[in-house]
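For reference, the structure discussed in these notes is given below.
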Amino acid sequence: MKARRIKVDYLANIIVDVPTMQTDIPYSYLVSKALGKNIQPGMRVAVPFGNGNRKVQGFVVSIEERSDDTIVDHLKEIDTVFDLTPVLNEELLILAEEMKRRTFSFKITCLQTMLPSVMKASYQKWIRVVDEIPEEINARVFHYLDEVSFDEVEKSNYLPEVMRLKQEEKVEIRYEVKSKNRVKTIQAFATSLTFERLEEERMMLRKSAKKKNQLLLYLQSLDGKSCTIKEATEKLGISRQTIKEGEKQGWLTITEQEIYRDPYKERFFERTVPLKLTPQQELAYQKTRRAMDEEQATTFLLEGITGSGKTEVYLQSIAHALEKGKSAILLVPEISLTPQMVQRFKGRFGDEVAVLHSGLSQGEKYDEWRKIERKDARVVVGARSAIFAPIENLGIIIIDEEHETSYKQEETPRYHARDLAIWRSKYHHCPVVLGSATPSLESRARAQKGVYELLVLNERASAQATLPEVEIIDMRKEYRQQTGGTFSTKLLEQIQLRLDKKEQTVLMLNRRGYSSFLMCRDCGYVLPCPNCDISLTLHMDTKKMKCHYCGHEEHIPHTCPVCNSKKIRYYGTGTQKVEEELKKNFPTSNIIRMDVDTTRKKGAHERLLQKFGNQEADILLGTQMIAKGLDFPNVTLVGVLNADTALNLPDFRASEKTFQLLTQVSGRAGRADKKGEVIVQTFNPKHYAIQFAQDQDYEGFYKREMQIRHQGNYPPYFFTVQIITNHEDETVAAKKMFQIVQQLKQILSPQSILLGPTPKAVLRVNNRYFYQTVIKYKHEPQLEAALRAILEEAQLEVRHGLRLSIDVEPMNFI
DNA sequence: AGCACGCCGACT
DNA sequence: GTCGGCGTGCTC
């Protein structure tokens, strides 16, 4: 047999940045000889795509070798490679596929979600002159330039005539794909010369060349290592010019050195040492440690009351992972990712810690990401998306406050970080620790069934710390007695007491399902959003009326648009209104208000907390955001102004959320030496969520809530999937939803329950109409395929403006 | 998504 | 006749 000589060449399979169902598959491209083996799966590239060969970004997902006889005539070639090394490793590429399957989203969206946003491509089009064009057009449109921006031509309405020139091939359209990620560099210098050679150079200097002499001596001391120019100018007082001169004479070289934008560089982190563990902590630590040693992908549920020292267990578990040469991911909710939190981890692990959260600039996020990728940081602390940290040898994953709904992403891809954490733990054969004082019912139930292993910390770690006393105030009685302010008599008394004693008070206004809107006292007219079926909210700081759904803004009216009455006032309990009421009651007190308005600016959140921590204010008034992780020893009173607004929402998790919030906020009162007090104002004083929160009885709440979930056929007894259609035309959205329900009825077993179709609580948002259906089921092997078919079939209508989304285990049912 | 192609009505 | 409207198919 004649040996056939095979010329090896490569094909790359690429997912392109065109998020549609039809293009949600890998496309094959030729790898040029020049690129050859340098191209690997997980790299970003630009490829020509479609009829016009416009350039789009893509991700290489696999490489195939090809022999001479592979037919490749129809294949195009990769245009540009953006990365020197892959930005997604094999594990994350597999995870992206898993995510696509589980969340019914496009692969490209999943891939992009896993990376810092700077890595997403930005597109620009240019019109380039390639032949003689009429003088007049050249002047008017092109300003005699070779190339002008497509967008500008379009804006000035010259596009039709330019397109005619394109037909005649006198101009071309050039597609540009750019990646925004920029590595920040700093200039440094080093020498490759030996000590002796440097000495010779030094001898050759003129007597007057003092600075050069100094620089050469310094170079000798560096022993070949490099030094930044900045450092040299500061330390030695040598000018940049002298160093440049050295380069010219050839005894040193200047290089660009990569640096990280360190968002925490201004701070000093005091090193902390491991604390002695309580027996309960010790047991929890030993269990996770053993799982690490035995490479078991166990999921632990660490149920620990406030102050029981969960964080110390995390810290020591992470330390063990590091000892084993492995890495760790710690997820915390975005709002808990405070400087104090970061401090605890940086204090223990120093520069090994990378922090990923939304407060960082795009560049800073990218740098933290790169630090992880290059293994300069082995501990990742971050919010939801930190679950995608490019770590290769995970030793442990920890999710703090595991019950937080912010771990579920509310936009596509609608992934839950907890599920992906468990997936990664299986990949790495390492444990996951889910920690909470008030675990989600789902997780607690799984621990009951033995799917997760339950670890309990029900003792406070420090002996002096006692649980605060919680008092429930029945606001129905209060209202009967007085004119109906926000504050009960008891709460006002207690605040006054704290002011007298120079102690601090935290007041929380539960804003779920609440807003301050504008209403006419004469005719009852409420100012609505023109685009959505919801009333506009008053924002005093900007003096505007704003829609929380679509962002629409307008001026505050002085008279009622309907009856012209001047008695148009705001209504409801906004933080601003409460602040005014507070000032009226306590004119001399200092109040810090924390809400979306006062914390909009970068770092404002932190600044306000710092101010309060320095005792520059007596009262901290805020929304949910103050419930978490702030430990101020001088706070001895916590007031919850309206505990139950969330209870009235038509959401089966309403009780759970209320219980969690009250438990959490109660933990903010009182520290070591000063006993704390909590006052909860409510219209439902007998509600079980409030009663169990008063006793800080999680297990009691869990048992009671499970009964209710069982009766209502809700999770964790049932799985849920939510389908939403939306369209500019209400009938189209409704019709499609009804059709989908018909289809589902065909395949669902009688044990499953369909809720809907119903219009969403807010029917119209941004002039689109929303309809939904929820499927509750225990076992439906055919459901996934059916949902996929529904998506597929809807494609025709998607063309006509229909949008369809599938949310597996949704967090919001309203 | 966004481009080409093709089929229709309204113009120079 | 042709310019440009939009509905449809396809993208390695």
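Note on naming: letters A, B, ... go to the chains in the order of the sequence lines (proteins, then strands), and numbering restarts at 1 for each one. These values consider heavy atoms only, across backbone and side chains, with no hydrogens, waters or symmetry-generated copies. If you're wondering where the values come from, they're calculated on a predicted model, not measured in any experiment.
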Looking across every strand, which nucleic acid part, if any, lies under 4.0 Å from [X] by heavy atom: base, sugar-phosphate, or nothing?
{"X": "A/F49", "answer": "base"}
{"X": "A/K55", "answer": "nothing"}
{"X": "A/F106", "answer": "nothing"}

Q | All salt bridge (Lys or Arg N to Asp or Glu O under 4.0 Å) counterparts of A/E334, not counting sequence neighbours | A | none
Q. Can a cation-pi geometry be assigned to A/R140 and A/Y158, taking NZ or CZ under 6.0 Å from the six-membered ring centre and within 45° of the ring axis?
A. yes
(Q) Less than 3.5 Å apart, any donor N or O on the side chain of A/K760 or A/N726 sitting next to an acceptor on the other? (A) no
Q) Going by distance alone, is a donor N or O of one side chain under 3.5 Å from an acceptor N or O of the other, for A/Q362 and A/K365? A) no
Q) Among A/T773, A/I740, A/V774, A/I723, which residue meets the side-chain contact (heavy atoms from CB on, under 4.5 Å) test with A/P757? A) A/T773
Q: Starting from the 5' end of DNA chain B, give me the residue, A/K166 or A/R54, whose nearest nucleotide shows up first.
A: A/R54
Q: Enumerate the residue pairs fulfilling salt bridge (charged side-chain N to carboxylate O under 4.0 Å, His left out) with a member in residues 98-125 of chain A, sequence neighbours excluded, ordered by first and then second residue.
A: A/D24-A/K100, A/E97-A/K107, A/E98-A/R101, A/E98-A/R102, A/R101-A/E784
**Q.** salt bridge (charged side-chain N to carboxylate O under 4.0 Å, His left out) contacts touching residues 405-414 of chain A (sequence neighbours left out)
**A.** A/K408-A/D807, A/R414-A/D807
Q. Along DNA chain C, 5' to 3', what are the outermost nucleotides having an atom less than 4.0 Å from a heavy atom of chain A?
A. C/dT8 to C/dC12
Q: Would you kindly compare A/N53 and A/R799 by the position of their nearest DNA chain C nucleotide and give the one closer to the 5′ end?
A: A/R799
Show me the donor-acceptor pairs within less than 3.5 Å that the side chains of residues 799-806 of chain A make with the rest of the protein, sequence neighbours left out.
none

Q | Along DNA chain B, first and last positions that approach a heavy atom of chain A under 4.0 Å | A | B/dA1 to B/dA4
